[in-house]
Amino acid sequence: MRWLVLISCALLTTGCGLRRSDPPVPRSATAQRLVELGLADGRAYELLRELVTAAPHRLSGSAGAARAVEWGKAAMERAGLSNVRLQEVMVPCWERGEVTELMLVEPAPGGPLAVTALGGSVATKDTGLEAALVVVRHESELDKLGPAVAGKIVLFNRPMPRALRNTFAAYGNAVPQRVEGAALAARHGAAGVLVRSMTTLIDDVPHTGGMRYDPAFPAIPAAAVSTQAAERLAALAAKGEVRLRLRLSCRTRPDVLSANVIGEIEGREQPGEIVLIGGHLDCWDVGQGAHDDGAGIIHCLEAARLLVRGGLRPRRTIRVVFFMNEENGLRGAEAYARQHGGEPHAAAIESDHGGFEPKGFTSNAKGGAFDRYKRIVSALAPFEMGALVAGGGGADIQPLGMRGVPLFSLLPAWHRYFDYHHSENDTIDAVNERELQMGAVALAYLAWALAEE
Ligand SMILES: [Zn+2]
């Protein structure tokens, strides 16, 4: 019987597009088709080059971020998306300024140490902050020292734990000292804060990142030192008094009008139901933000382009969102959730873990739903990217998760991500063309499958 039904459906639909009565396209055939299309006709790397050339620095509120928004809108239109538009949002505007310097004053005056201001830091006075150094690894050590750190520069020197295979878990372990360090040290009267860079490498490249102050205590200058500099300072401090001079000229300007960029592949049957794919368009003002999150933006753009190019228009709408201000505020994510959070989202997928070889996805789904998604993702197993593991989505789609939307995150190989993250190393040379392309293919497949099921 079945073949008869198939033939009659095929006859009914010849030449008049897709209808509800179409036979379902087997998922593995679509995965295969997307892999072939992506590898033979991929544009991911070329698109990434366009982005990092148009706007290598895209920190919220900067001229680079404004150029990235313009590029994003034009790129979505060229990819054949519909309803391309900007969603306006006010974002913070922090600038690093011209001076970033850390000098050893004692034991012997030495050359500059590798340092970068943390995003959101206040400046030192023009002549700099000269003070004695105190080294701690944990908040508990700081609390024990208490008033002994008053007037000093505190270095938080806890490494990302190397024994953890998942580098994102290692980052999660160490990053609170970067985010909260200045607030914790200011509580005991410290004059400044340094943080060991968030990387498992021992090298001389400092990695920046976000931090926040406690409004109940003074805002003190905060910067990250390279892992080599951190180890050198800790070794010197173990022998005797160390004095440093830190100079930063950062400033925070009034909020600036910016935007999320949104475009769609309109669903053929249920256009009101949405599968969201997104990444963040902003990045730090060091390197080119090629992995973080240029790769995520390109994964989404190229996934949508492949689906349009392959004529794969699913039942639900696939909505592509380039979020603004993930790095230092999440204002774009909040604005999206405020305006669109009430619309029915069948799923949301974020790519913000770099452009390395994709292994599959993480998902916050539980029980039977997780098993169903696992079967869907397994169509990518022949291409070694068919894993679905328990995990979160991403910062930009988190507000949708709070409303019960199933969240997914693209899961690339994670060993090298923190070699580049938030540093001058994060440039397009660190991205491999085929690995980036395969991430876009995996994302195209899952977006299509979730919009089709
Ligand atoms: Zn990111």
Side-chain angles (χ1 to χ4, degrees), residues 48 51-52 55-62 64-65 68-69 72 91-92 94 116 118-120 160 166-172 174-175 178-179 197-199 207-212 224 258 260-261 276-301 320-334 336 348-356 358 361-362 391-401 407-414 416-428 430-431 436 439-440 443:
L48 181 60
L51 169 60
V52 302
H57 292 175
R58 310 184 287 281
L59 189 56
S60 294
S62 67
V69 168
V91 296
W94 175 82
T116 183
L118 293 182
M160 277 172 57
N166 181 342
T167 56
F168 287 89
Y171 179 70
V175 79
R178 187 194 77 207
V179 179
S197 283
M198 296 294 131
T199 175
H207 297 237
T208 190
M211 50 86 60
R212 55 176 171 244
S258 184
N260 294 328
V261 187
L276 182 152
I277 59 176
H280 64 87
L281 193 52
D282 62 308
C283 72
W284 288 106
D285 55 340
V286 291
Q288 299 175 326
H291 278 292
D292 185 15
D293 187 23
I297 289 297
I298 299 305
H299 282 151
C300 296
L301 177 64
V320 184
V321 184
F322 296 169
F323 290 97
M324 182 49 69
N325 187 226
E326 189 270 353
E327 294 291 8
N328 59 339
L330 286 171
R331 302 267 187 93
E334 287 163 8
Y336 181 86
I349 316 171
E350 184 156 340
S351 173
D352 188 16
H353 287 163
F356 304 98
F361 294 86
T362 60
D396 284 310
I397 57 176
Q398 206 57 47
L400 296 174
L407 303 184
F408 297 82
S409 169
L410 184 69
L411 174 64
W414 52 42
R416 284 177 288 156
Y417 185 70
F418 292 97
D419 298 3
Y420 307 108
H421 184 246
H422 296 181
S423 81
E424 293 290 353
N425 285 344
D426 189 3
T427 59
I428 191 167
V431 181
L436 181 69
L443 184 59

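Atoms within a ligand are numbered from 1 in the order they appear, just like the ligands themselves.
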Listed protein N/O/S atoms, distance to the Zn ion (ligand 1) under 2.8 Å: H280 NE2, D292 OD1, D352 OD1, D352 OD2
How long is the straight-line distance from CZ of R416 back to CZ of F356, given to the nearest 0.5 Å? 5.5 Å
As an exercise, state the distance from NE2 of H299 to CG of L443, rounded to the nearest 0.5 Å. 7.5 Å
Determine whether a donor-acceptor pair (N or O, by modelled atom type, separation under 3.5 Å) exists between the side chain of D426 and the backbone of G287. no
side-chain contact (heavy atoms from CB on, under 4.5 Å) involving C283 - partner list, sequence neighbours excluded: R58
Any donor-acceptor N or O pair under 3.5 Å, side chains D292, H280: yes
What one should report as the nearest heavy-atom pair of D282 and F323 is OD1-O, 3.8 Å
